[in-house]
Every structure is written in C-alpha cells, then in structure tokens.
Amino acid sequence: MFKNYLKIAFRNLKKHKVYSSINVIGLAAGLACFILVGLYISYETSFDKYHENKDELYRLVTTGGRDDNYGGIAKVTAPWGEAALTEISEIESMTRFVFHGTSLMRYKENRFFEGNGFFADSSALEMFTFPLIEGDPKTALDLPNSIIIDEDFAQRFFGEENPMGKTIIVSEETEYTVTGILEEVPSNSHFTFDFLVSLTSYTHPDIDDWRIWNQFYTYVQLKDGAQVASVENQMQDILELNLGEHFNPESKATLQPITSIHLTSNLWREMTLNSDTSSLYAYGIVGFFILLLACINFINLMTARASTRLKEVGIRKTIGAQRGALIRQFLGESLIVTFIALILALIITDLFLPSFSELSSSPFDNTFLLNPIILGSILVLTLLIGFLSGMYPAFVLSSPKPSSILKGVQKIQGNVLLRKGLVVFQFAASVALICSTLVMQKQFSFMQNKDLGFDKEQVINIPIRDFTINPQFETIKEEFLQIPGVNNVSFSGNLPGGGDWGLPYVADGIPEEDQPTMRMLAIDHDFVETFGMEITEGRDFSTEYSTDVQGGFLLNEEAVKQLNWTENTLAQSISFPFDQLDMNNKPVLGVVKDFHFRSMKEEIAPIMLFIPPNGWYSQISVKINTTNTEEIIAGLEEVWAKFDPVHPMTATFFDQRYGRLHQVEENAGTLLGYLTAVAILIACFGLFGLVAFSAQQRTKEIGIRKVLGSSVQGIVGLLSKEYLALVMFGFIVGIPLSYYWISGWLNQFAYQTSIGAEIFVFTFCITVLVAMLAVCYQAIKAALLNPVQSLKSE
Amino acid sequence: MIKLTNIDKYLDKKFQRTFILKDINLELEQGEFASIMGPSGAGKSTLLNILGFLDDANSGEYHFFDEPVHNLSEKQKSQYHKSHIGFVFQAYHLIDELTVYENIEMPLLYRKVKGSERKGMVAEILDRFNMVAKKDLFPHQLSGGQQQLVGVARALIGSPKLILADEPTGNLHSDQAAEIMELFQSLNKEGVTIVQVTHSEKMASYGNRIIKMQDGMLLENFPHMAD
C-alpha cells in the first residue's frame with residue numbers, strides 16, 4: 001500500500017512539473033533563508049559561551065557620564081583592576097588586556113607585521129578558556145617579555161620548528177620569548193587575538209594614574225553567590241576615594257557579563273565592533289516572514305491542486321478506502337514533498353552560507369547546523385509544514401460523498417477567500433521588504449554622496465612604524481612632495497573616521513560643568529589642506545607663525561556653538577593640562593566648518609585640532625591628484641625606504657578606511673536586498689501557480705467564452721484582473737507597514753535621507769510588473785488555447 | 001438480497017422540496033441482471049448510488065442481505081465496498097497516475113491481500129480479459145473499450161456479490177459495448193448480481209429484468225423480460 005502511495009505521489013509530482021517545481025523550490029528557498037537566519041542568530045547568541053567560567057566572568061567598564069573624563073568607555077585605567085581585586089572580597093580573580101599595537105616581528109628571516117594581540121595579566125589563561133597546546137597556563141605569562149602565540153602564528157614564523165623557548169625580535173629592539181602555544185581563539189568571542197604578551201612587559205609613564213591612561217580592558221571573576229550590584233557599589237566607592245576631585249558620580253562602575261557584551265555593549269572603544277540585538281531581530285523577522293511566505297504558497301498550491309484529486313478520492317472510496325487511509329495518503333504525500341524541499345534547502349544553505357556569513361558580518365559555518373536545537377527545530381518545522389499543507393486535502397477531500405465527487409458536482413470553494421487573503425498577505429510582506437531595501441539603498445548612497453565637510457577621496461594613508469623617524473618629518477614631507485602627482489602631505493597623531501581622542505581640557509571663561517565633551521585631532525600645518533577642510537573664521541595653522549606648534553587651536557563650528565562664548569571666539573583661549581604638552585592658555589586661531597569625523601550614525605560632535613610635538617605623529621596622509629596610484633605608491637616606497645629601511649611601507653586608501661565605518665550597515669542592506677529578491681520570487685511563484693491553477697479550473701469556461709466570440713485580451717483580462725486586484729490590495733496594506741519599520745531603521749542614523757514618494761512609486765512599479773509577468777504568462781497561455789481542445793472531454 | 005422500502009431522496013431549497021426519488025419499493029434477488037431505464041433526470045443514477053452505499057436516502061429503509069444499510073457506519077460501508085460491491089462507471093474512473101496493473105490491484109491493497117496472492121489474482125484477471133500485454137500502460141494509452149475492461153476487471157477482482165454499473169457502455173461504440181455486455185452476461189451466469197443503468201433497449205436486453213423509472217418513481221417492473 002505504502003508503495004502505491006509513493007508511486008502516486010511521485011507520478012503526480014512528475015506529471016505536474018511546474019506546480020511541483022514551484023512548490024518544492026519555493027519552499028526550499030524559504031526554508032534555506034530561514035535556516036541561514038537561524039544559523040546566524042545561533043552564532044550571534046553563542047558569543048563567549050565557550051568559557052567554562054562564563055557565568056562568573058564580567059568586564060569592568062564605566063557607563064554614563066562624559067567620555068572626555070572616564071565615563072562610557074569599555075576600558076579603564078590600570079589601578080582599577082588591582083584595587084578591585086585586593087579590596088573587594090567577592091572578586092575571585094582579575095585580568096587586564098591592553099592592545100599590543102602593530103609591530104614588526106622577526107624570527108630569523110621571517111618578518112611580519114603583527115597587530116592582533118594583547119598584553120595580558122597571567123591570570124587571563126586561568127579565568128578564560130583559552131587552552132594551551134604547549135606551555136603551562138599558570139606561568140606562561142608571568143615573566144616580562146613572554147609571548148604565547150596561536151598555531152597559525154607559530155606556523156608563520158617557525159614553520160616546522162618547535163617555537164617553545166625561541167625568541168621573537170620586536171621592532172629590532174625588544175625580544176619576546178615564546179612560552180606557550182594557543183589553540184586558535186574561537187571567532188564567536190567579543191575579542192580575538194593571535195598572541196598574548198605578559199602585561200609585566202608593558203610600561204607607560206601614566207600607568208599608575210587613576211584617570212589618564214585608560215587603556216586596560218579589565219575582567220573580573222566573581223566568587224559563587226556574589227552580588228553584581230554590591231560589587232559595583234564597592235567599586236564606585238573605591239573610585240570616589242581614589243579619583244578625588246575628578247570623581248564623577250554620573251559615571252558608574254559597571255560589570256558586564258561577558259556573554260552579553262557582543263550583543264548589548266556599545267561603549268566607546270570597544271575591542272571589536274559588537275553586534276546588536278536589533279539586527280538579530282531584523283534578520284529573524286525577515287527570515288521568518290520569508291518562510292511564512294513560502295509555507296503559505298506551499299499550502300495554497302497543495303490545497304488548490306488537491307481539488308484535481310477529487311476523482312481519485314471518489315474512486316478510492318468506492319473501492320473501499322476508509323477515511324483514515326485517505327488522510328494517511330494525503331498527509332504522507334505532502335510530507336514527502338516537504339522533505340524533498342528540506343533536502344534541497346540544506347543544499348542551498350550550504351551553497352549560500354559563505355556569502356551570507358560575509359554579508360551578515362558573522363563568520364559562522366555549517367557546523368552550527370549540528371546544534372541539536374537547530375536541527376530539531378528544522379525537523380519539527382518541516383514536519384509541521386508538511387502536516388499543515390497535507391491537512392486540508394486530507395480532511396476535506398476525504399469527507400465528501402463519493403457519488404457527488406464522481407459526478408463532478410463537488411466544488412472546492414470554501415477556501416477561496418482564505419487563499420485570496422494569503423495572496424494579499426504575501427504581497428504586503430513583499431512590498432514592505434522592497435520598500436525597506438530601497439530606503440536602505442537610498443540611505444547608503446546618501447551617506448556616500450553627502451558632503452562630509454572634508455575630502456576623503458585620493459588620500460593615501462601610511463602608518464608610521466618607526467617613531468625615531470618623526471623628527472625628520474619635514475624632510476620626509478619635502479621628499480614626498482617631489483613625487484609627481486602628490487599634492488599635499490600631512491603628518492598627524494590620529495585620523496578622522498573614528499580615530500579621534502578624548503582628553504580633558506579647560507575652556508577659559510566657561511564653568512567646568514558647561515564645557516562640552518570635546519574630541520581631539522593632533523595634526524600638522526598641512527592637515528586642513530590635505531583633507532580639503534574649510535576654515536570659516538580666523539585662519540588655518542601656518543608655517544608663517546612659528547608659534548603654531550603647541551600654540552593654538554582650531555575648533556569646529558559645533559564646538560563653538562556648544563562652548564557658547566559670549567564674546568568673539570577668536571579672542572578666547574583654551575588650556576590643555578596634559579603633562580606631555582605645553583599648552584596653557586593658547587588662543588583659538590580659527591574655526592573649521594563641521595565635518596563628519598565619525599560615521600553618519602553619529603551627530604557631529606565638538607572637536608578641536610592642535611599641533612602636538614612631532615613625537616606624537618603616527619600617520620602620514622598623502623593627497624594625490626591622479627588616478628595612477630601604483631606609480632605614486634612606488635615613489636613613496638622609494639622615499640620611505642631611505643628613512644625606515646626596516647619596516648616595509650603599508651599604504652591604505654582613506655576612502656576605503658572611512659567606508660568601513662558603514663560596512664556593517666551596507667552589508668546588511670545588500671543582504672536584505674537578496675532576501676527581498678527571494679521573498680518576491682516566492683510570492684510570484686505562488687501567484688504564478690494560483691493563476692495557472694485557476695486557468696486550468698476554468699479551461700472549459702474559457703473555451704466556451706472563446707467559441708462565443710471573446711477575444712484573447714478579454715480572456716487575459718478576465719484571468720488577470722482578479723489577481724492583480726489582490727496584488728494592489730497587498731500594496732496598500734504593505735506600505736504603512738514598511739513606512740513604520742523603515743523609519744525606525746533610519747532613526748539610528750543622525751543624518752538621514754528622506755523617504756520620498758518615489759520609493760513608493762518605484763515599489764509599486766516593481767510589484768505590479770513582476771506580478772503582471774507571473775499572471776499574464778499563465779493567462780495568455782490559457783487564452784491562446786484552442787477551444788476545440790479545451791471543450792473536448794471524455 | 002436487496003430490499004428497498006419507501007425510499008425517498010429529495011433536495012430542500014428554501015420552501016420547496018424537490019424529490020429525486022419518491023417512494024421507491026424494490027426487491028432484487030441474488031443472481032439477477034437488472035437494467036434501470038428511464039429518461040434523463042428520472043433518478044436512475046441516484047438509485048444506483050443508493051444501492052451502492054455511495055449516497056444516503058433521506059427516508060425509507062434499505063436492507064442488504066438483511067443488514068439495515070441505513071444504520072451502517074462509514075466503516076462498515078467501506079467493508080461492504082471492499083468485499084461485496086463492485087462499481088463500473090460510464091467514464092471508467094481509472095486513476096490516471098496508475099498503470100493498468102496497479103489500477104486493478106488497488107482494491108486488493110485496501111483489502112490487505114498479501115503481495116504474492118495479489119500478484120496471482122491480478123495475473124489471472126488480466127489473463128481472463130486478454131490484457132496481459134497492456135498491464136504496464138497508463139489509462140490514457142488505452143482505447144475507451146479497453147479502459148472500461150480495466151474498470152470491469154477492477155470491479156471484479158474483489159469477487160463482489162453485486163456489480164453496479166452506471167451506463168457502462170455509454171461512451172463506447174457498439175462492438176465494444178457488446179463485448180462488455182457479453183462479459184456481464186457470463187459473470188451473471190457465474191452468480192454475480194448485476195444492476196446497470198442504461199438508456200439503450202439493446203443493452204437492457206442482455207439482462208433479465210428491466211426497471212423503468214420516471215420523475216423519481218418506479219413505473220413498472222418487467223421481471224424476466226429477456227427470457
């Protein structure tokens with residue numbers, strides 16, 4: 001019997017190839033999207049959960065307050081962690097990480113720039129689960145200048161040699177001894193690294209200051225039963241005691257559970273760009289809706305198709321089939337089809353996983369599929385879809401009287417309204433997705449084309465590797481300028497695009513509490529010109545004034561506005577009480593037109609520019625005026641080698657660097673574009689199938705109409721009208737939904753494009769056009785059929 | 001074998017009741033070959049459907065081998081379909097997706113006959129109907145007469161006591177029709193009770209009783225007319 005069902009099922013699939021492919025491919029595409037999104041979500045929620053002590057580990061940060069002080073930053077100063085460990089009894093252990101920074105490392109002839117590493121306390125290896133393949137985790141990071149490296153790093157430098165105990169030379173001056181080999185740090189960590197150096201090797205003049213040198217990512221492990229709030233309060237008391245006059249009650253010492261950092265923490269100076277739950281929800285919702293569309297199609301088409309099986313049901317009943325047997329048969333058939341779709345979906349998933357992973361900025365792989373929860377839910381879901389889509393034919397078809405079925409009086413009409421409702425829903429969802437994609441694209445092009453207030457094009461950035469060349473910067477500049485095509489050269493301590501610093505300052509004549517948070521760029525005389533910024537008041541720094549070095553400030557318009565001096569800005573002065581600087585009561589020399597020194601998501605904040613001593617410079621920016629970049633870079637390299645023969649020159653393009661600020665959003669936009677394409681494809685598949693079905697149902701009617709003199713257009717109109725009306729209705733429903741959703745998305749950007757009418761017009765055109773294609777193809781096909789054939793019956 | 005007493009079948013539409021069958025009293029003995037005749041709309045097919053448990057009467061009593069059919073459950077009815085009644089239709093009603101062999105085999109599947117036994121039974125009937133060569137063809141590859149042969153074979157394979165045929169020759173030309181009728185005759189001689197609906201006097205003449213109907217009522221009974 002079962003074999004008989006299988007035969008019927010497969011022959012039916014084969015006989016109705018179009019329906020079957022629409023059904024199977026549509027459902028498979030929907031399932032695949034859903035599985036991909038599921039994998040993405042499970043990956044994003046898996047962060048830092050591999051640590052054995054994950055429930056006891058917290059990161060100590062400050063939240064609230066002003067970030068020119070010490071608030072709202074992911075890292076703190078060195079003494080905080082030490083004090084926390086010694087003074088708070090609930091804290092079991094503590095470890096701190098400091099960025100190592102990129103340096104040239106060498107073993108024998110193997111030289112590489114290595115930047116992905118940290119200085120870390122030796123307790124790191126015991127608190128976190130970073131297993132060592134070789135070396136003793138208890139002692140590996142004890143001694144100064146110890147380094148533990150991961151396998152790739154070891155392979156890169158040492159090849160087949162055993163790295164343990166070997167020496168790596170850093171910048172040709174420091175020697176690190178390899179004391180351990182790490183397993184690769186899993187990518188689902190809120191920070192990853194290729195190497196760790198003992199924190200005892202790290203020095204800085206301000207390392208013991210409670211406020212200034214906040215470079216330490218500090219983690220604590222709490223004892224069993226410790227209350228987070230109590231630890232936080234004790235920490236706050238310690239801060240109040242030690243920060244003295246700088247204590248700011250608005251900045252709160254906060255413990256973040258490490259497992260929640262990746263999805264919820266968005267502080268200044270995070271170790272890596274974290275995700276947020278909103279994109280998780282967004283993808284989740286879109287994935288769910290696509291699956292829903294596919295399921296609706298599937299159920300719709302299965303039930304529509306089912307009425308063509310009425311005759312079979314009737315025959316089977318007269319032969320003695322009981323209701324149960326018929327229900328089993330139809331349910332079985334739809335389960336077979338769903339499982340075929342599932343297999344196809346898994347193949348599609350595997351094919352598209354790499355691109356999905358890249359676009360969602362989530363490096364997950366298909367091993368997540370083996371997660372029993374995911375696997376289980378996929379199976380349950382598939383069963384559910386199969387069951388739901390088989391239910392209707394199974395229960396409804398098996399009930400009518402066989403005599404009426406065989407006579408042909410039985411008509412399946414009851415669910416027509418439902419079917420229409422589902423079409424409307426599908427198109428509403430598609431319209432919402434199309435609209436959202438369009439707005440997202442518009443926002444990205446808006447960000448790309450918006451006047452940044454400076455010129456990011458045709459600027460080459462070169463990081464300084466050897467700071468002993470800094471005193472020669474004038475000479476380097478001159479030689480660079482000799483290269484044809486080079487317009488300007490500027491040395492700076494940091495760059496726009498997120499590199500700005502926050503340091504305490506004093507604006508004369510303004511009470512401390514009215515001083516806005518101020519960002520800083522440490523630049524030289526040519527910076528403003530190199531980046532094409534505009535001076536709106538006063539003057540740019542100039543070599544004509546020998547006093548400009550550490551001798552004055554440029555402010556942006558926002559800074560001037562927020563400082564709100566009552567008198568002429570250019571008559572004001574600012575002090576910079578910072579040990580390494582000699583900048584007390586220096587004048588404001590000029591005002592720079594506002595420029596986007598961070599991403600478009602953020603509003604332009606007050607910023608000031610000043611010329612530091614040349615030892616502060618770490619970046620060279622070269623403005624070129626030709627597209628022949630290769631030649632220029634070759635010229636730059638030649639000059640570079642004269643000054644720094646040790647480090648190879650590395651050049652990046654500033655516009656790409658700046659573009660990375662919006663990379664996540666842009667990728668998300670691209671991904672949503674693809675998902676939208678799938679959604680509308682599925683919706684059209686459904687429409688195509690339904691129209692084909694209704695054309696088939698009405699073959700006889702069409703034949704009679706043609707015999708009676710109806711034109712082809714008349715028939716096409718007859719068949720399309722009804723469905724196109726549904727699409728229109730879907731459009732009307734979908735527009736407000738998408739407006740609501742997309743304006744929410746836009747709100748994350750400080751600088752937004754408008755949602756103009758053209759978006760809706762365009763959406764309308766796409767929807768109607770695609771729907772027309774699906775509907776008219778079938779309608780025309782039916783209309784062109786020779787009536788002699790359609791009227792011939794057995 | 002069959003006893004219908006005061007059978008009514010009607011449709012209610014708002015304030016009007018339309019009778020399809022009215023006050024039918026009919027007895028059929030085992031071994032009869034009866035033909036129901038009458039103009040279109042006389043209720044012939046409805047009567048046949050009621051006889052075959054495919055439709056229920058609105059009132060009246062129906063005894064099948066002294067079993068009150070009007071009290072039977074769905075399940076019991078389908079038991080009878082499996083073992084006692086075979087249907088032959090004007091439009092053959094074969095399942096398009098199944099081959100000749102599989103169509104004939106299907107009733108046996110519902111009766112849960114074992115595989116080997118099933119093969120033997122199907123082979124036997126294919127042989128008897130001279131259709132062995134056609135067993136792997138699909139219905140649309142056969143002529144109408146051949147399809148109807150398959151339909152009859154399928155009705156017969158469960159060795160039913162009663163065959164109900166609704167215009168079995170309505171779609172066939174005369175040679176094919178005669179073939180089917182001769183087949184019915186020989187089956188009847190083997191003891192199978194046959195009731196057919198037909199418009200054709202000629203087809204009716206193969207049977208041994210004619211039941212005439214008009215406007216949902218039995219007009220007259222002509223038992224053993226053919227003799």
Side-chain angles (χ1 to χ4, degrees), chain A residues 1-17 19-20 305-330 332-333 336-337 393 395 397-410 696 789 792-794, chain B residues 9 45-56 73-99 101-113 115 118 138-140 144 147 151 154-155 157-158 160 164 166 170-171:
Chain A
M1 193 83 232
F2 183 65
K3 228 170 89 192
N4 186 279
Y5 289 160
L6 271 183
K7 259 185 234 164
I8 288 251
F10 280 108
R11 284 181 194 159
N12 256 317
L13 282 178
K14 235 170 89 183
K15 188 170 163 193
H16 306 282
K17 285 191 197 71
Y19 288 118
S20 311
R305 282 269 307 112
S307 53
T308 65
R309 304 279 296 272
L310 275 173
K311 187 180 116 187
E312 185 190 331
V313 172
I315 296 167
R316 282 180 185 276
K317 286 199 121 179
T318 62
I319 284 168
Q322 281 170 26
R323 208 173 165 193
L326 288 169
I327 290 176
R328 275 198 299 281
Q329 182 188 351
F330 280 105
E333 261 183 50
I336 290 171
V337 182
F395 286 92
L397 289 190
S398 60
S399 66
K401 290 261 159 252
S403 60
S404 54
I405 301 176
L406 289 173
K407 254 190 294 185
V409 277
Q410 184 73 22
Q696 189 193 318
Q789 269 174 347
K792 198 182 90 183
S793 69
E794 293 179 73
Chain B
K9 176 77 180 173
S45 295
T46 309
L47 180 58
L48 197 72
N49 285 336
I50 288 177
L51 288 176
F53 310 168
L54 296 181
D55 210 346
D56 292 324
S73 70
E74 266 316 296
K75 204 168 168 178
Q76 285 165 316
K77 282 182 188 173
S78 67
Q79 286 301 333
Y80 275 109
H81 282 151
K82 283 183 200 170
S83 55
H84 284 70
I85 308 172
F87 291 92
V88 177
F89 305 95
Q90 177 179 11
Y92 329 129
H93 286 329
L94 303 176
I95 294 181
D96 299 333
E97 287 78 22
L98 296 179
T99 61
Y101 183 97
E102 288 158 355
N103 262 295
I104 296 175
E105 185 192 26
M106 201 166 60
L108 300 179
L109 293 171
Y110 283 109
R111 289 171 67 183
K112 302 207 163 64
V113 178
R118 219 160 57 214
F138 286 93
H140 63 91
Q147 289 193 45
R154 185 181 60 187
I157 194 140
L164 297 171
D166 193 352
N171 284 0

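We name chains A, B, ... by the order of the sequence lines, and we start the count at 1 in each one.
- Residue B/Arg154 touches chain A through its side chain alone, counting heavy-atom pairs closer than 4.5 Å.
- Neither the backbone nor the side chain of B/Leu48 comes within contact range of chain A, judged by heavy atoms closer than 4.5 Å.
- Atom CG in B/Leu109 sits 9.5 Å away from atom CD1 in A/Ile319 (nearest 0.5 Å).
- To the nearest 0.5 angstrom, B/Lys77 atom NZ is 13.0 Å from A/Gln322 atom CD.
- Nearest heavy atoms, B/Ser78 versus A/Ala321: CB-O, 4.3 Å.
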Working for side chain to side chain contact (heavy atoms under 4.5 Å, CB included), residues B/Glu97 and A/Lys7: CA-CA 8 Å; B/Glu97 287 78 22; A/Lys7 259 185 234 164; over 6 Å; no
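- Across B/Leu108, B/Ile85, B/Leu94, the residue that shares the most heavy-atom pairs under 4.5 angstrom with chain A is B/Leu94.
- For the pair B/His93/A/Thr318, no side-chain contact is recorded, criterion being any heavy-atom separation below 4.5 Å from C-beta on.
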Stepwise side chain to side chain contact (heavy atoms under 4.5 Å, CB included) check, A/Lys317 with B/Leu54: CA-CA 9 Å; A/Lys317 286 199 121 179; B/Leu54 296 181; 5.9 Å; no
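- With a threshold of 4.5 angstrom between heavy atoms, A/Ala325 approaches chain B through side-chain atoms but not through N, CA, C or O.
- Among all heavy-atom pairs drawn from B/Ile95 and A/Ile315, the shortest one is CG1-CD1, 4.1 Å.
- Nearest approach of A/Arg316 to B/Leu98, heavy atoms of both residues: NH2-CD1, 4.3 Å.
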